[in-house]
Amino acid sequence: MALVSEFLGQMCLNIGAHEPKYPTVVPALDFDPVKDAARIETAIKTKGVDEQTIIDVLTKRTYSQRREIAFAYERSSKKNMITALKGALSGSLETVILGLMKSTTQFDASEIRGSIKGLGTDEETLIEILCSRSNDELVEIKKEYRQLFGKELEKDVSGDTSGHFAKLLLALVQTKRAAPTSVVDYEKIDEDARALYDAGVKIKGTDVATWISIMSERSVSHLKKVFERYRSYSPYDMQESIVKEVKGDLQDSFLALVQCFENKQQYFANRLSHAMKGKGAKDKILTRIIVSRCEVDLKKICSDYKTNFGQSLQKTIMEHTKGDYQKVLLGLCGPDE
């Protein structure tokens, strides 16, 4: 098989294991955990609770800094800060603040656990997290899941879902995706594009196993080129083909994957827009995305949101939320730029 090298530029050659970061929450300068711990303690003890101070401090510190504050709080007050916050706060504000006291990986693992324990399954949460996280992130989530809950993520996912949907999620959790490379294999790109077409639009029914294999094992950079090549075989693009070929949770999963391969931040911007359609807001989606992405790529999500929806994410949040919940979300999103 002929391998053709393509110069991708220094930026692409450095793709490697870690994706570029665009955080809205960055390390605070002149950080003093003892002073912050004292502010949090005073805010909790204040009659009626000083929620604004808690928001001001914790939304402007990274997870590692919040952890230092918690240690300082415990040393000075002999009390657990997370327990104290839980007792002082309530509702959506409490959910956000307690989420911020977890690392991004711990938060993801906890959200997955919450989506599958008890009666019924929150497929929407499972799809959003498992289809949007990188291979390396999923490896870390699996470790954290085992450590936090004493269970294997693969076993819990397969035990709580069924059919092709279960097979796709399990394939993602097994983290077999190839690492990005600067070498472009045009023959393999053509072969995969043809295989996706032959397994779907070309035939009656769908060979879902082939779709799962290709979309869970190839690198993201390779798949982007596969989807471009796919148009030379199919009258529809990949997303249109998915809508035509499969339904329900399986369709939602494949669409989430393709959208994340093409532009992950736009995927999250779309999810946030969906969460604020009509009156009110779907707090669970808003909280999950903003808490989990604030130290990852929320700045670019905000930028893509404004480009695609004509107004800032911050303004939309102001229209659909209120009170301390609105303040904490805006604190994490940062200034409207």
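- Contact of the L169 side chain with the F165 side chain is registered, since non-hydrogen atoms from C-beta on lie closer than 4.5 Å.
- With values rounded to the nearest 0.5 angstrom, H164 atom NE2 is found 7.0 Å from L250 atom CG.
- Taking hydrophobic clusters as Ile, Leu, Val, Met, Phe, Trp and Tyr residues chained together by side-chain heavy-atom distances below 4.5 Å, Y22 does not share a cluster with L272.
- Counting only heavy atoms from C-beta outward, the side chains of D36 and R66 never approach each other to under 4.5 Å.
- For the pair Q314 (side chain) and P335 (backbone), a donor-acceptor distance under 3.5 Å is present.
- The distance from the OG1 atom of T321 to the CG atom of D283 is 8.0 Å, given to the nearest 0.5 Å.
- Put simply, the side chain of R177 reaches to within 4.5 Å of the side chain of L223, judged on heavy atoms.
- To the nearest 0.5 Å, the span separating CZ on R61 from CD on E68 amounts to 11.0 Å.
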Run the side-chain donor-acceptor check on residues 95-104: report pairs under 3.5 Å with partners two or more places apart or on a different chain.
residue	atom	partner	partner atom	Å
T95	OG1	G91	O	3.2
S103	OG	Q106	N	3.0

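- Between K21 and E295, no side-chain nitrogen of the basic residue sits less than 4.0 Å from a carboxylate oxygen of the acidic one, so the salt-bridge criterion is not met.
- Atom OH of Y63 has more than 12 heavy atoms from other residues, nucleotides or ligands within 6.0 Å.
- Scanning both residues, A179 and S219, for their nearest heavy atoms gives O-CB, 3.8 Å.
- For the pair T42 (side chain) and A38 (backbone), a donor-acceptor distance under 3.5 Å is present.
- In the displayed structure, K315 atom NZ is contacted under 6.0 Å by at most 12 heavy atoms of other residues, nucleotides or ligands.
- For R67, the CZ atom counts as loosely surrounded, since its 6.0 Å shell holds 12 or fewer non-hydrogen atoms of other residues, nucleotides or ligands.
- Contact check for M238 versus F254: no side-chain heavy atoms found under the 4.5 Å cut-off.
- Salt-bridge formation is not detected for the pair R194/E191: no Lys NZ or Arg NE/NH1/NH2 atom is positioned less than 4.0 Å from an Asp or Glu carboxylate oxygen.
- Criterion: ILVMFWY side-chain heavy atoms under 4.5 Å apart, direct or through other members. Under it, L170 and I214 are not part of a common hydrophobic cluster.
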TODO: Output, in order, the C-alpha distance, side-chain angles, deciding distance and verdict of side-chain contact (heavy atoms from CB on, under 4.5 Å) for Q259 and L255.
DONE: CA-CA 6 Å; Q259 287 162 14; L255 286 174; 4.0 Å; yes
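- For the pair K225 and E228, the salt-bridge criterion is not met [side-chain N within less than 4.0 Å of a carboxylate O].
- Side-chain contact between L148 and S110 is present, with heavy atoms from C-beta onward closer than 4.5 Å.
- Here the OH-CZ distance, from Y197 to R229, works out to 13.0 Å after rounding to the nearest 0.5 Å.
- Take Q174 and apply the side chain to side chain donor-acceptor pair (under 3.5 Å) test, not counting sequence neighbours, and it matches no residue.
- When the side chains of ILVMFWY residues are joined at heavy-atom separations under 4.5 Å, either directly or via intervening members, V243 and L257 end up in a single hydrophobic cluster.
- Taking both residues in full, the closest heavy atoms of N135 and K176 are given as OD1-N, 4.1 Å, listed atom of the first, atom of the second, then distance.
- Here the closest non-hydrogen pair linking Q266 and N263 is N-OD1, 2.9 Å.
- A side-chain donor-acceptor contact under 3.5 Å links S273 and K277.
- Annotation: salt bridge (charged side-chain N to carboxylate O under 4.0 Å, His left out) contacts of R218 (sequence neighbours excluded): D192.
- In terms of heavy-atom proximity, Y325 sits nearest to L93 at CD1-N, 4.3 Å.
- Under the 4.5 Å side-chain contact rule for hydrophobic residues, L153 and F107 do not share a cluster.
- F149 pairs by the ring pair (Phe, Tyr, Trp, His ring centres under 6.0 Å) definition with Y145, not counting sequence neighbours.
- A donor-acceptor contact shorter than 3.5 Å links the side chain of S234 to the backbone of Y236.
- A salt bridge between R146 and E152 is present, with a side-chain N of the basic residue lying under 4.0 Å from a carboxylate O of the acidic one.
- Looking only at atom types and distance, the side chain of S241 has a donor-acceptor partner in the side chain of Y230 under 3.5 Å away.
- The pair D336-K306 counts as a salt bridge, with a side-chain nitrogen and a carboxylate oxygen less than 4.0 angstrom apart.
- Shown are T105, D108, T175; of these, the side-chain hydrogen bond (donor to acceptor under 3.5 Å, both in side chains) with R133 is made only by D108.
- With contacts defined as side-chain heavy-atom distances shorter than 4.5 Å, the pair L130/V157 qualifies.
- Of the possible donor and acceptor atoms, none in the side chain of K202 sits under 3.5 Å from a partner among the backbone N and O of A199.
- Cluster membership for F71 and I44, using ILVMFWY side-chain heavy atoms within less than 4.5 angstrom, is not shared.
- The ring pair (Phe, Tyr, Trp, His ring centres under 6.0 Å) test applied to F268 returns no partner, not counting sequence neighbours.
- Looking at D304 and K300, a side-chain N of the basic residue comes within less than 4.0 Å of a carboxylate O on the acidic one, giving a salt bridge.
- Under the salt bridge (charged side-chain N to carboxylate O under 4.0 Å, His left out) criterion, K244 pairs with no residue, sequence neighbours left out.
- Between V49 and I54 the shortest heavy-atom distance is CG1-CD1, 4.0 Å.
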TODO: Carefully, step by step, assess S76 and E41 under the rule side-chain contact (heavy atoms from CB on, under 4.5 Å).
DONE: CA-CA 9 Å; S76 65; E41 187 175 11; 4.0 Å; yes
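- With contacts defined as side-chain heavy-atom distances shorter than 4.5 Å, the pair T24/I290 does not qualify.
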Open item on the list: Applying side-chain contact (heavy atoms from CB on, under 4.5 Å) to T53 and I40, what does each step give before you reach the verdict?
Closed with: CA-CA 7 Å; T53 294; I40 294 288; 5.6 Å; no
Open item on the list: Under the criterion salt bridge (charged side-chain N to carboxylate O under 4.0 Å, His left out), I'd like the reasoning laid out for R113 against D156: C-alpha separation, chi angles, the key distance, then a yes or no.
Closed with: CA-CA 9 Å; R113 179 66 183 158; D156 277 3; 3.1 Å; yes
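- Comment: E124 does not engage K284 in a salt bridge, judged by the lack of any side-chain N to carboxylate O separation of less than 4.0 angstrom.
- Separation of atoms CG (L196) and OG1 (T210) is listed at 8.5 Å; rounding is to 0.5 Å.
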TODO: Run the numbers on W211 and I242 for side-chain contact (heavy atoms from CB on, under 4.5 Å), then give the verdict.
DONE: CA-CA 10 Å; W211 278 18; I242 289 165; 3.9 Å; yes
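- Taking CG of L286 as the reference point, atom CD of Q326 lies at 11.0 Å (rounded to 0.5 Å).
- Here the closest non-hydrogen pair linking L313 and C333 is CD2-SG, 4.0 Å.
- Counting only distance, with no hydrogens or angles, the side chain of Q65 and the backbone of F31 share no donor-acceptor pair below 3.5 Å.
- Using a 4.5 Å cut-off on side-chain heavy atoms (C-beta onward), D237 and E240 make contact.
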